[in-house]
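Here's the structure, in structure tokens; my notes come after.
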Amino acid sequence: MVEPQKIETELLAFLQREIFAPETALTPETDLIAAGFDSMSLVRVLLFVETQYGFWMPEGEINGATLKNVRGLAATVARLQHAT
Amino acid sequence: MNLIELLDQAAASWPHKPAFVETDTTVSYAQLVERIAVAGSKLKALGVTPGMRVGLCYPNSISYVVLTFALWRLQAVVVPIPTECSEEEVATIIEAMHLEAVLNRLPAGARCPQPSSRVEPMKHPLTRPSATLSPTGGEGRVRGQRATERIIGSEPVSPEVFLTWLAQNTKPDNHGLNIAFIRFTSGTTSSQKGVVLCHETVRDRVLAANKLLQIGPDDTVAWCLPMAHHFLVTIVLYLSRGATVALMRNTLAQTFLETVNRSKATVLYASPFHYALLARDRTGVQMPSVRLAVSTTCALPADVAEDFFARFRIPLAQALGVIELGLVSLNRKPTPENWGSVGQPGEDFRVKIVAPDDQGCGEVAVAGPGLFDAYAAPWRSRDEVLRDGWFFTGDIGRMDADGFLYLVSRKTAVINLAGRKVFPEEIEAVLNRHPAVRESRVYGRPHAHLGEVVEAEVVMKTPEADLESVRAFCRDHLAAFKVPTQLRVVNALPRTAVTGKIRRAAAVAHNG
């Protein structure tokens, strides 16, 4: 079981390193969709979650609320890892 | 003949009809043609001339469409550069396609804006000076010059579009053809190619494709795919028929549903990944206006087709699109029994299964209108590539008694990650350049939700290998989606007994 805070830190590092340009100052509150998060970015985040936490996020959990920002995404991942 | 004529005719017939709708913007056919004329005049004044090859590195937008048609109005050749390309990949396209200019969103050397409501902070070649346009040398020089060394200067076309001039050592040779479009497909030097399409060719394939799609002025198409990868038998076709294209801000299920219902979309054109998101949406919102939902770019998983039908009562229609051919077939009568089929080929196409095995499976070969005109680098004419008039697709498939085509695998090792093509040789070439890597093997691992994912095995020169530096090296040199999800250190790679070549795993089924 991974702590929500650790998930948030890891997701933030992944997004900063692999999705967003270095110029983007990403925080846990940055609105991902407004910042240009597209469907190929989503594919790569889902793969990261699968590799790192061992489960595929159900498509039904992927919505505007989940992807609002890294904090919301980390909370969803933390909740789902308990369920799986 | 020029493709702008198709749009001009549509604008003459339906001047006040919306060509594009976005959340708070509607552009009519008359307005679209006007914007194209303005952009064309500006590009002409800046020096764009007939036959000139111009790269288009621009995000999905109405402007993308305006710029493409404006270049066509000037008889320039459009070469799309996907915005996710790395600096090195951009440099390769510029060099291999002999681009003399690139249209992009920011002037060379400008910094990306901070995140705002405007979409721009994604890794964006030609707009990332720290990585892309700084004059420093160093790594990234694979073949020829870096893109940065070619830049002569940038000039504004509009506040949001810049034309960057590039020095070329040799003038491109268009071989006397009326070229509209060249699609660069990456790979190694031996497998990379530019698929050359003339104006007449695109017109022919648009006409052939519409016998399958039956798009007309009463249709509205909900659009979510990247225009840099999908444009001809899609956007050009819709605009030639007076249809409306509804653009969406993002491809999450709720946005998709809102776009469809606000625009009363009749046609969906998306990948299985998008349909999976929609199928699992829990809002209960329906899409009563949709008459046709086309699934393209990769094989449609059966559970996605089933769940989508259960959720919306709309059967997904798989299509077979190939850049060399256009839209060859579409499953116009999808039923639970044949959801796996890409349907019956269009009436203008002939399809045959070459040297079928005892299951009836063999390589799919196609003949018909709108076949590509040439490969650009090195130049090979269509007649040199075709065999007795047939194009061999590299797909292994079978045809049932009713003429429905099923694709079962690929002859080549190309990996299909949620619809994006990844060539193992291209990634291996990057891995092998890392100073600590002796050799590598890249393959697609079957994935229940994405078709395949990219993985790699590497043999290191020293046991205390730093895999993170190999990963970072891949990120620096490849578009992000090509970076292997898993990197594994192995002692040796499997080789074939006869030739000693690295053995490749059999690819799984996919199309598009």
Side-chain angles (χ1 to χ4, degrees), chain A residues 10-73 76-77 79-80 83-84, chain B residues 59-60 82-84 111-124 127-132 224-226 249-255 258 270-271 273-283 304 307 417-420 447-450 453-454 471-472 475 479-481 483 485-486:
Chain A
E10 288 173 349
L11 279 171
L12 193 64
F14 169 79
L15 286 160
Q16 182 75 70
R17 187 176 67 233
E18 305 210 9
I19 309 267
F20 289 93
E23 293 82 6
T24 310
L26 199 64
T27 74
E29 288 86 26
T30 306
D31 185 330
L32 296 175
I33 300 292
F37 193 81
D38 62 7
S39 61
M40 213 57 207
S41 311
L42 176 58
V43 164
R44 289 171 51 238
V45 166
L46 295 178
L47 269 173
F48 175 78
V49 169
E50 186 180 47
T51 309
Q52 195 78 6
Y53 308 112
F55 68 94
W56 180 259
M57 271 181 78
E59 281 86 354
E61 297 283 348
I62 299 161
N63 52 48
T66 307
L67 287 177
K68 175 87 185 113
N69 53 39
V70 172
R71 183 145 296 155
L73 183 58
T76 307
V77 172
R79 173 169 56 78
L80 292 170
T84 51
Chain B
N60 258 19
T83 52
E84 70 266 16
R111 294 193 69 81
C112 293
Q114 286 298 305
S116 65
S117 58
R118 281 173 48 189
V119 175
E120 196 48 60
M122 310 300 289
K123 289 191 172 181
H124 196 302
T127 64
R128 276 174 70 217
S130 55
T132 307
C224 66
L225 295 173
R249 269 183 71 238
N250 61 62
T251 58
L252 296 178
Q254 282 112 315
T255 313
E258 278 166 28
S271 77
F273 183 69
H274 299 120
Y275 289 123
L277 292 176
L278 286 167
R280 278 90 199 217
D281 170 75
R282 296 166 186 166
T283 60
V304 174
D307 291 356
L417 167 66
R420 291 293 168 85
H447 189 280
H449 303 274
L450 301 173
V453 295
V454 182
R471 250 182 225 112
R475 284 198 294 273
F481 68 91
V483 176
T485 306
Q486 295 272 17

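Everything numeric in this text was worked out from a predicted model, so none of it was measured. Chain naming here is simple, since letters A, B, ... match the order of the sequence lines and numbering starts at 1 in each.
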Pairwise distance CD1(A:I33) to OG1(B:T255) - rounded to 0.5 angstrom: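 Rounded to the nearest 0.5 Å, the CD1-OG1 separation comes to 7.0 Å.
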Could you tell me the separation between the CZ atom of B:R280 and the CE atom of A:M57, rounded to the nearest 0.5 Å?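 Answer for the CZ-CE pair, B:R280 versus A:M57, is 14.0 Å.
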Best-contacting candidate, A:D31, A:I62, A:V43, A:L26, against chain B by heavy atom pairs under 4.5 angstrom: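 That would be A:V43.
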Determine, stepwise, if the pair B:N250 / A:D38 fulfils side chain to side chain contact (heavy atoms under 4.5 Å, CB included). CA-CA 6 Å; B:N250 61 62; A:D38 62 7; over 6 Å; no
Between A:S39 and B:H274, is there a side-chain heavy-atom distance shorter than 4.5 Å? yes
Audit row: A:F48, B:T485, side chain to side chain contact (heavy atoms under 4.5 Å, CB included) steps and yes/no: CA-CA 8 Å; A:F48 175 78; B:T485 306; over 6 Å; no
Go through it in stages, so that I can follow the logic: the residues are A:L42 and B:T251, the test is side chain to side chain contact (heavy atoms under 4.5 Å, CB included), and I'd like the CA-CA distance, side-chain angles, deciding distance and then a yes or no. CA-CA 10 Å; A:L42 176 58; B:T251 58; 5.7 Å; no
Could you tell me which portion of [X] (side chain, backbone, both or neither) has an atom closer than 4.5 angstrom to a non-hydrogen atom of chain A?
| X | value |
| --- | --- |
| B:L278 | neither |
| B:A276 | both |
| B:L252 | side chain |
| B:F481 | both |

Residues two or more places apart in sequence or in another chain: which of them pass salt bridge (Lys or Arg N to Asp or Glu O under 4.0 Å) with B:E258?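 Not a single residue meets the salt bridge (Lys or Arg N to Asp or Glu O under 4.0 Å) criterion with B:E258.
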Checking A:R44 now: which residues fulfil salt bridge (Lys or Arg N to Asp or Glu O under 4.0 Å) with it, not counting sequence neighbours?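 Partners of A:R44 by the salt bridge (Lys or Arg N to Asp or Glu O under 4.0 Å) criterion, ordered by chain and then number, come out as A:E18.
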Side chains of A:E50 and B:H449: do they bring a donor and an acceptor to under 3.5 Å?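 Distance-only check fails for A:E50 and B:H449.
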Run the numbers on A:E61 and B:R282 for salt bridge (charged side-chain N to carboxylate O under 4.0 Å, His left out), then give the verdict. CA-CA 9 Å; A:E61 297 283 348; B:R282 296 166 186 166; 3.6 Å; yes
Report the C-alpha distance between A:M40 and B:E84 in whole Å, list the side-chain angles of each, state the deciding distance to 0.1 Å, and finish with yes or no for side chain to side chain contact (heavy atoms under 4.5 Å, CB included). CA-CA 9 Å; A:M40 213 57 207; B:E84 70 266 16; over 6 Å; no
